[in-house]
Undergrad: 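First, the structure itself, so that you have it in front of you.
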Amino acid sequence: MRLIWEEFLNILKQEVGSHVVETWFKAVVLEQWDQKSQTVYLVMPNGFVSNWIQEHYLTLIKTHLSRLLQVETLKVVCAGKNNSTNSSTPLIQPASLYSEQKNVSQTSHHLTQNSKASSSQSTVSLVPLTRRHYKAELLKLNAQYTFNSFVVGPTNELAHAAAIAVSQNLGKVYNPLFIYGGTGLGKTHLLHAIGNEITKKNPQATIFYETSDSFINEFVNAIRLDKTRQFRDKYQKVDLLLLDDIQFFSHKEQTQETFFHIFDSLFGQHKQVVFSSDTLPHHILGLQNRLQSRLQSGLVADVQMPTVEMKMAIVKKKALLHNLTFDDNVARFIAEFPTSSIRELEGHLIRLSAFSSLANEPITVEMAKKVLICTKSSKQRLLSLEEVLKAVSKCCHVSIADLRSKKRTKSIVLGRQIAFYVMKKCTPHSLQIIGQFMGGKDHTTVLHAISKIEHLIQKNREIGITIETIQKTFAH
Ligand code: ADP
Ligand code: MG
């Protein structure tokens with residue numbers, strides 16, 4: 001159970017950011033799993049956290065835990081700390097928690113919308129991933145990621161305009177659309193916004209939203225079960241394919257081969273495909289040339305770090321979404337506070353809101369200063385994989401390309417191992433993501449490298465100094 005919970009937290013970190021996980025989930029324990037009744041019992045540190053989690057993260061908990069536990073309908077019971085695990089008095093009765101899944105059996109395994117599913121929350125966002133669904137790898141669209149909630153400015157206007165154009169002329173302009181940029185800068189938001197827009201305009205359209213990670217997993221399963229044909233056929237009926245984080249296809253030759261044919265068939269039928277990636281197509285290592293040229297054959301648009309004005313607008317939009325009120329001075333303070341992504345910016349807002357609820361005080365600039373500055377100094381800032389890679393490359397005098405390559409030269413291998421170590425320590429990413437980012441390495445390779453460095457640090461002072469030097473480059 002502990003491992004399942006850890007894995008769940010890892011997934012959650014990637015979806016909502018480590019600030020959220022730190023703030024809300026750190027003290028939560030997966031106490032018990034009753035397979036017979038398909039119920040998990042979560043022990044909450046207090047009622048406030050319990051209510052918050054249920055209000056904001058229940059769907060995510062169900063989506064991912066049911067997948068990890070391989071059940072169709074998961075019930076979640078949140079109990080207070082002092083209640084026994086078989087809690088006769090859970091803070092919330094399970095019935096109220098899973099009532100939203102009552103339509104599970106009717107839910108189609110893909111995202112074809114029926115006309116009944118038109119109200120915002122009850123549409124795709126509640127499609128649960130069951131084992132059957134997981135095989136189809138169709139993830140929900142987040143109903144909150146719309147064009148309306150997306151702030152546009154000079155750093156993302158091309159990507160935004162292209163996304164709008166695509167959703168108005170599916171398959172006719174900018175096909176494929178390729179959106180790239182650093183983590184937490186709005187790529188997934190834009191992909192979902194296209195999906196949500198099409199859902200609204202054409203409920204009959206068949207939309208697949210998938211992360212490349214899940215595409216790969218499903219493909220591997222299809223090979224294992226000798227069902228690659230069915231796997232490919234499933235894409236025949238798609239009108240819009242949204243494929244998130246395509247950089248994970250790096251060095252996955254067989255996946256690329258299959259995807260290439262899927263893409264060509266969709267493209268031939270004028271079906272729209274939208275990709276996101278953390279880097280340009282030709283910077284994705286280990287990508288077949290022909291696939292690379294397909295990826296850049298439509299429109300390639302980037303998203304960059306927003307300006308302070310955009311950040312301020314984002315803070316205001318998100319505050320509205322979370323029902324928070326504060327004046328413009330607070331919004332400005334948060335917007336001007338150093339951050340490396342919009343996800344981090346949102347994390348600050350969530351921390352502030354938690355603090356204000358717990359202290360039962362309105363959010364002021366003084367409070368924001370106290371909470372954010374204290375967060376910053378008491379905890380090391382979470383870094384992006386790109387930042388670490390650059391710093392390691394500089395300090396170890398090994399090029400970025402070599403670090404991500406398969407070269408086995410001693411100095412390159414050591415640099416790469418140091419990169420794995422610092423990435424695990426200073427970024428919120430899982431071993432698997434780190435491995436993929438570093439040129440498609442297996443997560444066991446990453447794990448091995450980390451323990452190697454941990455071992456070396458004990459014996460070799462120089463390694464420790466190098467790592468400290470790397471970390472110092474991140475201090476403001
Ligand atoms: P990425 O996929 O690039 O890593 P996401 O799309 O997941 O990033 O964005 C991270 C968070 O930031 C999400 O909550 C998203 O809603 C928010 N966000 C990103 N860009 C914008 C924007 N321009 N306007 C409003 N919110 C944004
Ligand atoms: Mg994303």
Side-chain angles (χ1 to χ4, degrees), residues 10-21 23 56-57 59-60 125 139-164 177-197 209-215 242-249 274-280 301-322 324 331 334-335 339-351 353 382-387 427-430 433 436-437:
N10 270 336
I11 297 172
L12 203 60
K13 270 185 199 163
Q14 280 150 34
E15 260 187 45
V16 294
S18 49
H19 283 290
V20 171
V21 176
T23 308
H56 296 85
Y57 303 110
T59 311
L60 274 178
S125 65
L139 301 181
K140 61 197 174 94
L141 291 176
N142 186 332
Q144 287 172 351
Y145 288 174
T146 59
F147 286 124
N148 227 348
S149 62
F150 192 81
V151 171
V152 191
T155 60
N156 60 17
E157 59 191 347
L158 177 63
H160 173 261
I164 295 260
L177 171 62
F178 187 98
I179 299 174
Y180 76 98
T183 49
L185 296 181
K187 302 181 297 294
T188 297
H189 189 133
L190 279 177
L191 259 58
H192 283 237
I194 297 173
N196 282 322
E197 188 65 20
Y209 166 81
E210 303 188 57
T211 64
S212 305
D213 223 11
S214 59
F215 183 97
L242 305 161
L243 196 52
D244 214 349
D245 290 321
I246 187 89
Q247 73 272 9
F248 294 149
F249 275 17
V274 184
F275 300 104
S276 87
S277 164
D278 68 352
T279 174
L280 282 162
D302 66 337
V303 286
Q304 302 270 354
M305 198 56 201
T307 60
V308 171
E309 292 82 357
M310 286 166 74
K311 281 193 200 169
M312 200 157 152
I314 292 171
V315 167
K316 286 185 180 173
K317 272 208 178 207
K318 296 282 176 187
L320 217 60
L321 207 71
H322 293 294
L324 302 172
I334 304 173
T339 41
S340 60
S341 75
I342 301 172
R343 190 174 288 129
E344 198 186 341
L345 186 73
E346 216 177 335
H348 289 334
L349 201 59
I350 289 166
R351 272 190 112 72
S353 120
L382 281 171
L383 305 168
S384 70
L385 294 172
E386 291 82 0
E387 275 176 291
T427 79
H429 300 289
S430 66
I433 300 276
Q436 274 155 355
F437 175 77

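Atoms within a ligand are numbered from 1 in the order they appear, just like the ligands themselves.
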Undergrad: Quick check against the 3.5 Å criterion: does K317 have a side-chain atom that pairs as donor or acceptor with the backbone of N148?
TA: yes
Undergrad: Give the residue and atom name of whichever protein heavy atom lies nearest to atom 6 (O) of ligand 1, and the separation in Å to one decimal.
TA: H189 N, 2.7 Å
Undergrad: Does the K187 side chain pair with the main chain of G181, one donor and one acceptor, at a distance under 3.5 Å?
TA: yes
Undergrad: So, regarding L185 and ligand 1 (criterion: nitrogen or oxygen to nitrogen or oxygen, under 3.5 Å), is there a contact or not?
TA: yes
Undergrad: Do D245 and T211 get their side chains close enough for a donor-acceptor pair, meaning under 3.5 Å?
TA: no
Undergrad: Checking the side chain of T427 only, and the main-chain atoms of L385 only, is there a donor and an acceptor separated by less than 3.5 Å?
TA: no
Undergrad: Starting from atom 24 (N) of ligand 1, what is the nearest protein heavy atom, named by residue and atom, and what distance separates them?
TA: V151 N, 2.8 Å
Undergrad: With backbone taken as N, CA, C and O and side chain as the heavy atoms from C-beta onward, which portion of L345 lies under 4.0 Å from ligand 1: side chain, backbone, both, or neither?
TA: neither
Undergrad: Which option out of E346, R343, Q144 puts a heavy atom nearest to atom 14 (O) of ligand 1?
TA: E346
Undergrad: Show every side-chain hydrogen bond (donor to acceptor under 3.5 Å, both in side chains) that has at least one partner inside residues 154-163, sequence neighbours left out.
TA: none
Undergrad: For atom 1 (P) of ligand 1, find the nearest protein heavy atom and state the residue, atom name and distance (0.1 Å precision).
TA: G184 N, 3.4 Å
Undergrad: Could you tell me, atom by atom, which parts of ligand 1 come under 4.0 Å of a heavy atom of I314?
TA: 22 (C), 24 (N), 25 (C)
Undergrad: Flag the pair F248 / F215 as yes when their ring centroid distance falls below 6.0 Å, and as no otherwise.
TA: no
Undergrad: Looking only at heavy atoms of G181, does any of them come nearer than 4.0 Å to an atom of ligand 1?
TA: no
Undergrad: Any idea which atoms of ligand 1 are less than 4.0 Å away from a heavy-atom of T188?
TA: 1 (P), 2 (O), 6 (O), 7 (O)
Undergrad: Please determine whether T188 has a backbone or side-chain N, O or S atom lying under 2.8 Å from the Mg ion (ligand 2).
TA: yes
Undergrad: Is it true that a side-chain atom of H189 and a backbone atom of T146 form a donor plus acceptor pair closer than 3.5 Å?
TA: yes
Undergrad: Could you check whether any heavy atom of G182 sits closer than 4.0 Å to an atom of ligand 1, since that is the contact criterion I want to use?
TA: yes
Undergrad: Less than 3.5 Å between some nitrogen or oxygen of I342 and one of ligand 1, yes or no?
TA: no
Undergrad: Do T183 and ligand 1 have an N or O pair less than 3.5 Å apart?
TA: no
Undergrad: Near N156, which atoms of ligand 1 are under 4.0 Å from a heavy atom of that residue?
TA: 23 (N)
Undergrad: Tell me if a side-chain donor or acceptor on D278 pairs with a main-chain N or O of T183 at a distance below 3.5 Å.
TA: no
Undergrad: Taking I246's backbone N and O only, do any of them form a donor-acceptor pair with S212's side chain (distance below 3.5 Å, no angle check)?
TA: yes
Undergrad: Taking distance alone, with N or O pairs closer than 3.5 Å, would you say G186 contacts ligand 1?
TA: yes
Undergrad: Consider ligand 1: state whether an atom of it lies below 4.0 angstrom from any non-hydrogen atom of K318.
TA: yes
Undergrad: Checking side chain to side chain contact (heavy atoms under 4.5 Å, CB included) for the pair K318/L345: CA distance, chi angles, key distance, verdict?
TA: CA-CA 10 Å; K318 296 282 176 187; L345 186 73; over 6 Å; no
Undergrad: Give me the residue, atom name and distance of the protein heavy atom closest to atom 25 (C) of ligand 1.
TA: S149 O, 3.3 Å
Undergrad: Between K311 (side chain) and I342 (backbone), is there a donor-acceptor pair under 3.5 Å?
TA: no
